[in-house]
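Proteins get letters first, then strands, A, B, ... in listed order; numbering begins at 1 in each. Because only heavy atoms are used, hydrogens play no part in the values below, and waters and symmetry mates are left out as well, while side chains stay in.
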2 protein chains.
Amino acid sequence: MKFESQPSYSLGQRTPASREAAAGESGGNVTLVSQAALGAINRGRVLQALYDNGPKSRADLARLAGVNRTTITGIVQPMIEDQLLVEGDASPSDVKGGKPARPLYFNHDAPMLGAVLLLPGTIQACLVALTGEIKAVTKAEFDPLGDTEAFIAVMTKTLTATLSEAQQAPFGIGVASAGMIDSDNGTILTVNLAPVLTGLPLVAILQERFSLPVVIDHHPRALLVGDRWFGPGRGQQNFAAVYTGEVLGGAFFIDGKVYRGLAGSGGELGHSVVQIDGALCNCGKHGCWETVAALPWLRKEAARMGLPHPKSITCARLVKEADEGSNAADELLDRYTRNVAFGIVNLQQTLSLNSYVLHGDVAGGGVRAAELIRQHVEQLVVKRPGQEISITVNGIGEGHTALRGAAGLVLSSHLKLVI
Amino acid sequence: MKFESQPSYSLGQRTPASREAAAGESGGNVTLVSQAALGAINRGRVLQALYDNGPKSRADLARLAGVNRTTITGIVQPMIEDQLLVEGDASPSDVKGGKPARPLYFNHDAPMLGAVLLLPGTIQACLVALTGEIKAVTKAEFDPLGDTEAFIAVMTKTLTATLSEAQQAPFGIGVASAGMIDSDNGTILTVNLAPVLTGLPLVAILQERFSLPVVIDHHPRALLVGDRWFGPGRGQQNFAAVYTGEVLGGAFFIDGKVYRGLAGSGGELGHSVVQIDGALCNCGKHGCWETVAALPWLRKEAARMGLPHPKSITCARLVKEADEGSNAADELLDRYTRNVAFGIVNLQQTLSLNSYVLHGDVAGGGVRAAELIRQHVEQLVVKRPGQEISITVNGIGEGHTALRGAAGLVLSSHLKLVI
DNA sequence: ATAAGTTTGTGCGAAGTACAAACTAACTGC
DNA sequence: GCAGTTAGTTTGTACTTCGCACAAACTTAT
């Protein structure tokens with residue numbers, strides 16, 4: 001399947017990319033900003049402002065960005081003509097009269113985003129509208145120990161099925177994958193439990209088959225992006241997403257952009273050390289955060305304390321049983337949330353992002369777990385005047401956030417907000 | 001003392017600042033890039049390329065930045081006319097003939113940078129040339145428990161003495177200070193051992209007295225900037241500076257810019273937790289990194305192990321005694337460097353910067369200490385294919401790096417490399 | 001010695017961008 | 001009906017980068 005049509009205005013995908021490539025070839029470490037790139041950057045920022053703040057008039061956007069109204073007109077007019085944006089009905093003027101503003105927002109029928117969630121053994125693909133709605137979900141399974149060609153066949157078939165439901169060419173395809181991902185080079189390095197994926201240059205493969213921009217990143221980073229574009233991180237310039245479950249992970253949104261680290265390796269928090277010479281971790285080291293704040297620890301402690309059905313214990317059940325009056329559950333919940341808090345404390349001491357969105361098991365514990373973690377973090381962090389730490393839970397289902405995040409990866413790279 | 005003259009080309013100080021202020025007033029979180037800002041940004045990047053790569057011809061710079069040669073000419077010509085840059089002698093052409101290139105570099109007589117290092121009880125001020133040379137060092141002492149007015153008087157007098165030796169108006173004044181600093185608002189929050197500084201809006205005070213741009217940041221961040229502009233971090237896009245001594249601290253250079261965190265509070269690594277419920281820390285918490293990797297721990301262990309003169313033990317002496325055959329020193333050195341390594345490991349797992357510059361006590365241990373730390377980090381970190389971790393020591397004296405870093409703070413803010 | 005080839009650096013016009021001023025459109029309040 | 005206010009557009013200006021052409025300065029081959 002191939003898509004040809006592209007919007008008349010460049011969103012900066014081509015030019016800066018080729019520029020960077022050129023600079024890369026000559027080994028340069030500086031990149032000047034060209035005139036054309038400038039336009040793309042500003043177009044991207046206007047779109048992001050629309051995302052972050054919801055429907056806004058041209059005048060509002062101009063005020064928000066501190067630029068001239070005419071600049072905004074120049075930016076949005078081609079987008080309206082291309083039906084990426086639509087003008088809403090005139091909203092009544094608020095105070096002292098004046099011409100009513102016409103709010104702008106994304107066209108419901110604008111091109112969508114392809115999204116793939118890749119976990120050991122399963123593939124989920126879908127289309128995500130710019131407004132966040134999910135459509136055309138397709139699921140498939142693959143043999144984690146099988147043949148590479150077989151996997152590619154399943155992946156292609158699944159994605160083709162989903163993309164064929166799009167009315168127009170999607171902006172691109174975003175892939176969120178478990179495991180260790182090299183997002184710079186678009187390859188999967190290793191996925192525990194799915195050796196078939198080891199070393200797979202998935203971006204190159206999909207780009208070739210679908211002739212669309214393709215982006216890949218690891219699961220926690222997709223959650224982060226999902227939070228940023230469509231969840232509680234919307235509009236924020238600094239926050240972290242923290243995932244807890246069988247393993248621990250995190251991702252950071254710093255100064256308005258996704259932090260990736262070299263070759264996309266930042267945020268592997270599970271194996272930061274919180275207990276020198278502590279318990280043995282799966283990674284072979286001792287005292288990793290994962291040894292005290294992941295589900296295996298919780299199951300072990302639940303069994304030790306004699307809680308019912310310790311093998312299937314979750315934060316959600318712990319909260320429920322604590323709410324029902326179980327002292328043991330209450331105590332374990334407190335210790336669990338405290339252990340989770342230590343990782344967040346170290347993050348806070350390091351980056352001082354002040355805002356954290358929880359995912360995974362601990363998110364199942366809802367507001368109560370989040371509040372407990374917040375209290376522990378507050379106690380364990382060195383206080384600064386005027387500093388407030390917020391811990392929130394993403395209420396939307398886990399899979400949906402990851403899929404939306406995969407879609408958001410495309411937006412982030414497409415809008416090229418980084419210079 | 002007031003300075004009036006300013007270079008004819010803007011380096012972006014005024015416009016973006018006022019732009020940001022305007023956007024801030026209206027509560028906006030996006031900022032479009034203006035035409036004028038674009039020029040300032042590119043001018044800044046050309047200058048940074050000159051810093052990072054040493055003297056380069058226009059053609060080289062154009063290749064390095066991936067832009068047209070004429071663009072570089074347009075950027076550097078006014079700077080040459082303003083005597084910020086100078087054209088060197090024609091260097092002999094290297095291979096196939098052609099017109100010999102004229103390398104450009106900073107004019108030795110260009111405006112300098114004012115730098116202040118503020119530690120409890122002492123002030124150091126100096127001028128730093130764009131080439132890194134330090135001139136007109138002035139030192140003074142103040143009463144850490146004394147009167148605010150008295151401190152300001154000493155500070156003003158010291159700085160006036162230094163600045164009066166400048167031939168032209170410096171580009172600005174950079175202040176590196178111990179303690180907790182709010183670099184966004186330019187105030188000192190708290191300094192242990194110097195209560196007189198608590199809450200002092202030093203930037204506003206100095207800006208008013210000297211009519212120059214003033215920047216303040218905390219000590220580790222000044223070391224980072226010193227490394228970046230004039231030390232082992234030169235030309236690097238990602239690295240961290242780590243300070244060990246009576247306390248621990250760090251600062252990060254991420255994707256080509258100094259990371260500050262909200263209100264400049266990132267990098268307070270000393271109180272990240274590496275030992276849940278471990279030893280009591282000065283901060284009132286338990287198991288902070290500072291409890292196992294700072295000098296108080298080293299002194300305590302040296303005493304426990306019966307090493308000579310444990311109260312004045314340093315990493316430098318430990319290395320010397322270990323080199324001379326002391327098994328106890330060797331063993332303690334290994335444990336000390338391992339404990340230091342844990343903090344770097346957590347940083348690496350979080351941000352994956354791959355490159356660390358050591359300062360403070362552990363830097364006194366030279367290459368041997370750095371290599372030991374590197375080995376421990378390699379062992380304790382989760383390996384990624386193709387990932388190399390570098391640990392280096394800044395050979396230049398501590399004070400000089402901090403002063404150069406304070407100067408570099410001005411450059412960083414003046415060049416406005418961030419958009 | 002001469003010619004050819006190569007590289008550097010500089011005018012000049014074109015294209016693209018944001019901005020300011022002045023304008024029209026649309027609504028409120030008196 | 002008219003003044004006041006706000007939204008959005010038109011028009012002209014200033015600034016920046018880019019591509020092309022060209023002179024200057026050097027090397028190499030004949």
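Rounded to an integer number of Å, the gap from CD of B:Glu81 to P of C:dG9 is 16 Å. Whole-Å rounding puts the A:Gln77 CD to D:dA7 P distance at 16 Å. One interatomic measurement links the two molecules: CG of B:Asp60 to P of C:dT7, which rounds to 12 Å at whole-angstrom precision. Spacing between atom CZ of A:Arg58 and atom P of D:dA7 amounts to 12 Å, rounded to whole angstrom units. In this structure, B:Asn68 atom CG and C:dT8 atom C1' are separated by 13 Å, rounded to whole Å. For the pair B:Ile72 CD1 and C:dT10 P, the interatomic distance rounds to 12 Å; values are reported in whole Å. Rounded to whole angstrom, the span from the CZ atom of A:Arg102 across to the P atom of C:dA25 amounts to 15 Å. Here the C1' atom of nucleotide C:dC27 and the CG atom of A:Asp89 are 16 Å apart, to the nearest Å.
You'll find that the side chain of A:Arg69 is closest to D:dA7, out of C:dT8, D:dC18, D:dA7. Closest to the B:Ala59 side chain, of the nucleotides D:dC18, C:dG9, C:dC27, is C:dG9. The side chain of B:Val67 approaches D:dC18 more closely than any other nucleotide in the set D:dC18, C:dT17, C:dT8. In the set D:dT16, D:dC18, C:dT17, D:dT16 carries the atom at the smallest distance from any side-chain atom of B:Leu38.
In this structure, B:Asn42 reaches the D:dT17 phosphate: one of its side-chain N or O atoms is under 4.0 Å from OP1 or OP2. Not one side-chain nitrogen or oxygen of B:Thr70 sits closer than 4.0 Å to the OP1 or OP2 atom of C:dT10. The side chain of A:Thr73 places an N or O atom within less than 4.0 Å of a non-bridging phosphate oxygen (OP1 or OP2) of D:dT9.
In summary, the aromatic rings of B:Tyr51 and B:Phe106 are positioned with their centroids under 6.0 Å apart.
Taking all atoms of both residues into account, the shortest heavy-atom contact from A:Tyr105 to A:Pro55 is CD1-N, 3.5 Å.
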